[in-house]
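Order of the sequence lines fixes the chain letters, A, B, ..., with proteins taken first and strands second; residue numbering starts at 1 for each chain. Quantities reported herein were computed from a predicted structural model and do not represent experimental measurements. Hydrogens, waters and symmetry mates play no part in the numbers below; they use all other heavy atoms, side chains included.
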Number of protein chains: 2
Amino acid sequence: MINKDSIQHTSIINNLTKYVDFSEEELDKFFELGETSFYKKNQTLVHKGKESSPFILIKKGCLMTSYIDEVDFRHVIQFGIDNWWTGDLNSFMNNVPSIYSIKAMTDVEVLTWNKVNFDLLCASSPNFEKYFRILFQNSLISHQKRIIRNISFSAEQKYLTFLKNYPRLELIVPQKYIASYLGITPVFLSNLRKKLSGK
Amino acid sequence: MINKDSIQHTSIINNLTKYVDFSEEELDKFFELGETSFYKKNQTLVHKGKESSPFILIKKGCLMTSYIDEVDFRHVIQFGIDNWWTGDLNSFMNNVPSIYSIKAMTDVEVLTWNKVNFDLLCASSPNFEKYFRILFQNSLISHQKRIIRNISFSAEQKYLTFLKNYPRLELIVPQKYIASYLGITPVFLSNLRKKLSGK
DNA sequence: ATGAAATATTAATCTAGATTAATAAAAACC
DNA sequence: GGTTTTTATTAATCTAGATTAATATTTCAT
């Protein structure tokens, strides 16, 4: 049975089958257990300290995940775009309130799984365990690289790397959030940009 | 069949069965495919840019993973102790030379898997996929927390958090490596320690 | 135990990036 | 389309942490 949405789902399927050889039925199960929803730009999907986070696959658009500290200061920890997974993993897996806030930077369409459906999915075939193992593994590798950058790069190097890694995002996301992601102040990022543009 | 080493392996088994319900046979397979080796303090297990990294489970002792940059400057990215997994995941999974150097901080005993044996292990039972999925997932959660600390904590906060997270390590590991792990200079860490001791 | 090498401390100076505050430019709203 | 709100720029000042260099301490090899 071919899924009704299969045309829109092509790029997701390409992504899934990149590492694991899923059958038609498995793919159907995947979409069947996921729930599609839409959010408007600037809407908050997950509120810090309130509901637990679902596991989110972004179909279209851009989401921003941030940590809000004790003095209500926002620290951006991730941007996600088309085909990226996001969500507060800890909140999701252990059903505790999210420590992050997740907000739409553009209108977005997402597929989400709650813990129950995620467990059903994993239980339905070991291929999903494998897929998520590899997904987390790759994510871990890039998190390690980011830590190296944090420790050893200057603000300028971090910014240039960001531009390389997320070429589109500068046009979509307010600069102050990019500064926060890089761990620098918006004022300093503005100075940096001026300096770089004069080169 | 009870494994000969089973007494020494108790704490590893406790760790494995914490998240996944492994059978006796599965545990046997685990130890059968892993290779035990011993290293002396200060020995380098994995050389940056040379061999690919195995996947390493530390049975006893302390390993340090560091990234050596273009100008041969060392950036410590992880300490591992008893029961921790370590290794250059990317190098291991894709069979490319390690970008990290892994060095023994104490005499160590490790169990290692090469890619072939890791794949055999994962293929032998979906329980291993599940175990590694959860392992990577948890590791991801703590990497995210570390990124938040990197972005938002002062050197002092980072150091205090380090002491809480790794209470024993300060006595084992030269201070300059701890400074590197925190992303500060050894000189500044020394100043910090003096300031803190006077409180 | 003794000397050589590695590590840690201390003090002086310097700088990348923070902070504050005022102005300019963009977005958002009715 | 004008007004309010949010975001970005610019400039002046400040500080956490870096750098350099000299001294003290610890570790290691013989």
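Using a 4.5 Å cut-off between side-chain heavy atoms of Ile, Leu, Val, Met, Phe, Trp and Tyr, with links allowed through other members, A/Leu160 and A/Ile178 fall into the same hydrophobic cluster. Hydrophobic clustering, with ILVMFWY side chains joined whenever heavy atoms are under 4.5 angstrom apart, keeps A/Tyr159 apart from A/Ile151. Connection of B/Phe92 to A/Phe136 is established within a shared hydrophobic cluster, with ILVMFWY side chains joined at heavy-atom distances below 4.5 Å, either directly or through further cluster members.
The side-chain hydrogen bond (donor to acceptor under 3.5 Å, both in side chains) check on B/Asp107 picks up B/Lys40, with sequence neighbours excluded. Residues passing the salt bridge (Lys or Arg N to Asp or Glu O under 4.0 Å) test with B/Lys115 are B/Asp119, sequence neighbours excluded.
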Worksheet entry | Contact pattern, 5' to 3', of nucleotides 22-30 of chain D - B, S or - by protein heavy atom under 4.0 Å | ------S--
Worksheet item: Going 5' to 3' along nucleotides 6-18 of chain C, which nucleotides have protein heavy atoms under 4.0 Å from the base (write B), which only from the sugar-phosphate (write S), and which from neither (write -)?
Response: -SSSBB-----BS
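The salt bridge (charged side-chain N to carboxylate O under 4.0 Å, His left out) analysis of residues 166-181 of chain B, with sequence neighbours excluded, yields the pairs B/Glu170-B/Arg193.
Rounded to an integer number of Å, the gap from CZ of A/Arg74 to P of D/dT6 is 13 Å. Atom CE in A/Met105 sits about 11 Å away from atom P in C/dA28, given to the nearest Å.
Atom OG of B/Ser124 is separated from atom CD of B/Glu32 by 9.5 Å, given to the nearest 0.5 angstrom.
For A/Tyr166 and A/Phe162, the distance between ring centers is under 6.0 angstrom. Taking the six-membered ring wherever Trp is involved, the centroid distance between the rings of B/Phe30 and B/Phe22 does not fall below 6.0 Å.
Summary of helix geometry: the two end axes of the helix from C/dA1-D/dT30 to C/dC30-D/dG1, each defined by five base pairs via their C1' atoms, are inclined to each other by 70° (rounded to 10°).
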Practice prompt. Dump the intermediate steps for side-chain contact (heavy atoms from CB on, under 4.5 Å) on B/Ser101 and B/Arg74, then the final yes or no.
Written response: CA-CA 9 Å; B/Ser101 144; B/Arg74 178 189 295 274; 4.1 Å; yes
